[in-house]
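Throughout, a chain's letter reflects where its sequence line sits, starting with A, and its residues are numbered from 1.
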Protein chains: 2
Amino acid sequence: MADGRTPAAISGENLLFLTDEQLRQGIEAMFFAYRGFTADPDRILANLAYGRAHHRAIHFINRAPGTTVNNLLNILGVTKQSLNRVLRTMIEDGLVESRVGKSDKRERHLYLTDAGRALEGQLSDAQRVRMRSAFRDAGPDAVAGFRTVLEAMMDTEMQRTYTRLKESGA
Amino acid sequence: MADGRTPAAISGENLLFLTDEQLRQGIEAMFFAYRGFTADPDRILANLAYGRAHHRAIHFINRAPGTTVNNLLNILGVTKQSLNRVLRTMIEDGLVESRVGKSDKRERHLYLTDAGRALEGQLSDAQRVRMRSAFRDAGPDAVAGFRTVLEAMMDTEMQRTYTRLKESGA
DNA sequence: AGTTTAAGTCAGCCTTGTTGACATTCCAAG
DNA sequence: CTTGGAATGTCAACAAGGCTGACTTAAACT
């Protein structure tokens, strides 16, 4: 078995963690935790003229500088029109730069400007503070489990996107 | 130490799980996983005239039948006006029943009708299928870690709400 | 030359959040 | 008994951020 559990161990550990009540608690935990997860950046964004959609765009442009609009579209899972509205305001405000592609001039490659990077840093700092505190409180084993479950919860398509980003990172 | 780790073990396990890169991966995992988490109920709701807000209301009314509007407001973290719009359509459509309180007639107690319970079942079945599959793939230790981290990520207020619901359940 | 692709844009619609103002009902304290 | 405050509901207006559909432009591919 890939995870080192024998069939005996699996039936032995009597699957109590798969009861409907356990699953419901997992569902509610996701709901409440996601609120906490977005709360800190939301507070910062509320004072500017931006929202969560801007945060997401800015995060992934920072993560993969030079990404094309199409690529970003796939990562974010929204329509071109929806992304464009967000992108346009950030380009106008000088947070994002859009450069015509060298090899393929139809493509636009996206980069954060200095101002964009500054905001990105502010937002991700806030989000990381909470994440770091949660990780530290929970300990490395819990964190590993956390990531395993989240990965298993993604659509397979998103799993691939996530893994690609992860491997490009470090 | 409550979790059995000695101070030496903590510094020994060199805190690699707290690097900025690890935290960023955790952040992205939350983002992608939440999309998966809501995808199945969203698909069902798209065919009806309801959205995620209706799902949340219906979930917690089912979880705590007879809850007051104010209580639901606190759980959901939205404004009274926002909840009321959602609630009103579901009352009109015969999914939710609103009963005037016995002891305090200002309060309205909320219950699902048979039709409401049917929809709730449909939605939570869909969501549980994915959750169950993720839990099973990840195994009980990972699930425990998942819940530990999520709990640590909540605002303390939400933590209390979550715990109260959890203990009332089973 | 004709088709497909990437990006952008316009218009319109929906859900779901927000504020602010105001009415009603009822409990409880003075 | 009256009055203040609490719980609820309702109306109006607005914004963010999704969506669809239609259309343009430019570039690339075949």
Donor-acceptor contacts under 3.5 Å from residues 140-155 of chain B side chains, at least two apart:
residue : atom : partner : partner atom : Å
B:R147  : NH1  : A:Q22   : OE1          : 3.2
B:R147  : NH1  : A:Q25   : OE1          : 3.3
B:R147  : NH2  : A:Q25   : OE1          : 2.7
B:T148  : OG1  : B:A144  : O            : 2.8
B:D155  : OD1  : A:R130  : NH1          : 3.0
B:D155  : OD1  : A:R130  : NH2          : 2.9

Side-chain donor/acceptor pairs under 3.5 Å, residues 65-74 of chain A, sequence neighbours excluded:
residue : atom : partner : partner atom : Å
A:T67   : OG1  : A:N71   : ND2          : 2.7
A:T68   : OG1  : A:N71   : N            : 3.2
A:N74   : ND2  : A:N70   : O            : 3.4

| So what does A:H109 touch, heavy atoms closer than 4.0 Å: a base, only the sugar-phosphate, or nothing? | nothing
| message | Restricting to side-chain hydrogen bond (donor to acceptor under 3.5 Å, both in side chains), what partner residues turn up for A:T19, sequence neighbours left out? | response | none
| What does B:R52 touch in the nucleic acid at a heavy-atom separation under 4.0 angstrom: a base, only the sugar-phosphate, or nothing? | sugar-phosphate
| task | Please step through side chain to side chain contact (heavy atoms under 4.5 Å, CB included) for the pair A:L45 and A:Q122, ending with a clear verdict. | result | CA-CA 10 Å; A:L45 291 160; A:Q122 205 188 339; over 6 Å; no
| message | Under the rule for salt bridge (charged side-chain N to carboxylate O under 4.0 Å, His left out), what residues qualify as partners of A:R108, not counting sequence neighbours? | response | none
| message | By nearest heavy atom, map A:D104 and A:H54 onto DNA chain D; which one lands nearer the 5' end? | response | A:H54
| task | Taking Watson-Crick and G-U wobble pairs with both distances under 3.5 Å, convert DNA chain D into its dot-bracket string, 5' to 3', dots for unpaired and | for cross-strand pairs. | result | ||||||||||||||||||||||||||||||
| query | By ring-ring contact (aromatic ring centres under 6.0 Å, His included), which residues pair with B:F31, not counting sequence neighbours? | reply | A:F60
Can you give each donor-acceptor pair under 3.5 Å made by side-chain atoms of residues 52-59 of chain B, sequence neighbours left out, with the distance rounded to 0.1 Å?
residue : atom : partner : partner atom : Å
B:R52   : NE   : B:D42   : OD1          : 3.4
B:R52   : NE   : B:D42   : OD2          : 3.2
B:R52   : NH2  : B:T38   : OG1          : 3.3
B:R52   : NH2  : B:D42   : OD2          : 2.7
B:H54   : ND1  : B:G51   : N            : 3.0
B:H54   : NE2  : B:T89   : OG1          : 3.4
B:H59   : NE2  : A:E28   : OE2          : 2.7

| Sugar-phosphate, base or nothing in reach of B:R85, heavy atoms under 4.0 Å | base
| said: Let's see if you get this right: which residues in residues 64-75 of chain A place a heavy atom under 4.0 Å from DNA chain C? | reply: A:T68, A:V69, A:N70
| message | Taking salt bridge (charged side-chain N to carboxylate O under 4.0 Å, His left out) as the definition, give me every residue that meets it alongside B:R106, ordered by chain and number, with sequence neighbours left out. | response | B:D104
| B:L119 with B:Y111, same ILVMFWY side-chain cluster at under 4.5 Å | no
| Touch class at under 4.0 angstrom, heavy-atom based, for B:T89 against every strand present | nothing
| request: Check whether any side-chain heavy atom of A:I61 sits under 4.5 Å from a side-chain heavy atom of A:V96, and report yes or no. | output: yes
| request: Decide yes or no for B:T79 and B:S82: does some side-chain heavy atom of the first lie under 4.5 Å from some side-chain heavy atom of the second? | output: yes
| A:E107: partners by salt bridge (charged side-chain N to carboxylate O under 4.0 Å, His left out), with sequence neighbours left out | none
| task | Go through DNA chain C in 5' to 3' direction and return only the first and the last nucleotide with some atom under 4.0 Å of chain A's heavy atoms. | result | C:dT5 to C:dC10
| said: On DNA chain D, compare the nucleotides closest to A:R108 and B:L87; which residue's is nearer the 5' end? | reply: B:L87
| request: Identify whether the distance between the nearest side-chain nitrogen and carboxylate oxygen of B:R117 and B:E120 falls below 4.0 Å. | output: no
| said: For a 4.0 angstrom threshold against heavy atoms of chain B, report the outermost contacting nucleotides of DNA chain D in 5' to 3' order. | reply: D:dG5 to D:dC11
| message | At 4.0 Å (heavy atoms only), tell me whether B:A49 reaches a base, stays on the sugar-phosphate, or touches nothing. | response | sugar-phosphate
